[in-house]
Chemist: 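Handing you this structure, nothing more for now.
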Amino acid sequence: TPPELFKHLSKAFQTLCESDEPEIVFPTRALLARLLEEYEATMDNISRAFPVDQHIKNHYSDTSEILYELYDQLNGGECHD
């Protein structure tokens, strides 16, 4: 995991919220997609530390899903499967 993953996620989301310039938005969308994949993988790895507590495992999974939903909303629902 990149040491500043959360900082980069926050900055990318902020950029998408504040800018509508294509030369800024398109590269930020691509970056954010990669960051969300990294975040999801990180949360999956963390959840493995709690094999018997489904509530905690779900928490980590849910946070990834929430961020993907926000990403979809900011991109008009077109950029994530």
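Positions are given from 1, in the same order as the sequence printed here.
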Chemist: Quick one: OG on Ser10 to CD on Glu4, what's the gap to the nearest 0.5 Å?
Modeler: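 Reported value, rounded in 0.5 Å steps: 12.0 Å.
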
Chemist: Taking side-chain hydrogen bond (donor to acceptor under 3.5 Å, both in side chains) as the definition, give me every residue that meets it alongside Glu37, ordered by chain and number, with sequence neighbours left out.
Modeler: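 For Glu37, no residue satisfies side-chain hydrogen bond (donor to acceptor under 3.5 Å, both in side chains) once neighbours in sequence are set aside.
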
Chemist: Check residues 14-22 and write down every donor-acceptor pair under 3.5 Å in which the side-chain atom is one partner and the other belongs to a residue at least two apart or another chain.
Modeler:
{"unit_1": "Gln14", "atom_1": "NE2", "unit_2": "Glu18", "atom_2": "OE2", "d": "3.1"}
{"unit_1": "Thr15", "atom_1": "OG1", "unit_2": "Lys11", "atom_2": "O", "d": "2.9"}
{"unit_1": "Ser19", "atom_1": "OG", "unit_2": "Glu21", "atom_2": "N", "d": "3.2"}

Chemist: So, taking the atom named NE2 in His8 and the one named CZ in Arg34, what distance separates them when rounded to the nearest 0.5 Å?
Modeler: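 Atom-to-atom, His8:NE2 and Arg34:CZ are 11.5 Å apart.
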
Chemist: Could I get the full list of side-chain hydrogen bond (donor to acceptor under 3.5 Å, both in side chains) partners for Asp53, not counting sequence neighbours?
Modeler: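 For Asp53, no residue satisfies side-chain hydrogen bond (donor to acceptor under 3.5 Å, both in side chains) once neighbours in sequence are set aside.
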
Chemist: Quick one: list whatever passes ring-ring contact (aromatic ring centres under 6.0 Å, His included) with Phe6, sequence neighbours left out.
Modeler: Tyr39

Chemist: Using 0.5 Å steps for rounding, measure from the CD1 atom of Ile46 to the CD1 atom of Ile56.
Modeler: 12.0 Å

Chemist: Is any side-chain heavy atom of His55 closer than 4.5 Å to a side-chain heavy atom of Phe50?
Modeler: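 Contact flag for His55/Phe50 side chains = no.
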
Chemist: With sequence neighbours excluded, give me every ring pair (Phe, Tyr, Trp, His ring centres under 6.0 Å) pair touching residues 11-32.
Modeler: none

Chemist: Just wondering, do Thr28 and Ile24 contact through their side chains at under 4.5 Å, heavy atoms?
Modeler: yes

Chemist: Going from CD on Glu65 to CE on Met43, what distance comes out if it is rounded to the nearest 0.5 angstrom?
Modeler: 13.5 Å

Chemist: Which residues pass the side-chain hydrogen bond (donor to acceptor under 3.5 Å, both in side chains) test with Asp44, sequence neighbours left out?
Modeler: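 Arg48.
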
Chemist: To the nearest 0.5 angstrom, please state how far the CD atom of Glu69 sits from the OG atom of Ser64.
Modeler: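 If we round to the nearest 0.5 Å, Glu69:CD and Ser64:OG are 11.0 Å apart.
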
Chemist: Any chance you could measure Leu9, atom CG, to Leu70, atom CG, to the nearest 0.5 Å?
Modeler: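 Going from CG on Leu9 over to CG on Leu70, the span is 10.5 Å.
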
Chemist: Does any N or O in the side chain of Thr63 come within less than 3.5 Å of the main-chain N or O of Tyr60, such that one atom is a donor and the other an acceptor?
Modeler: yes

Chemist: Given side chain to side chain contact (heavy atoms under 4.5 Å, CB included), test Arg29 with Tyr71 step by step and report yes or no.
Modeler: CA-CA 8 Å; Arg29 283 181 180 177; Tyr71 174 78; 4.3 Å; yes

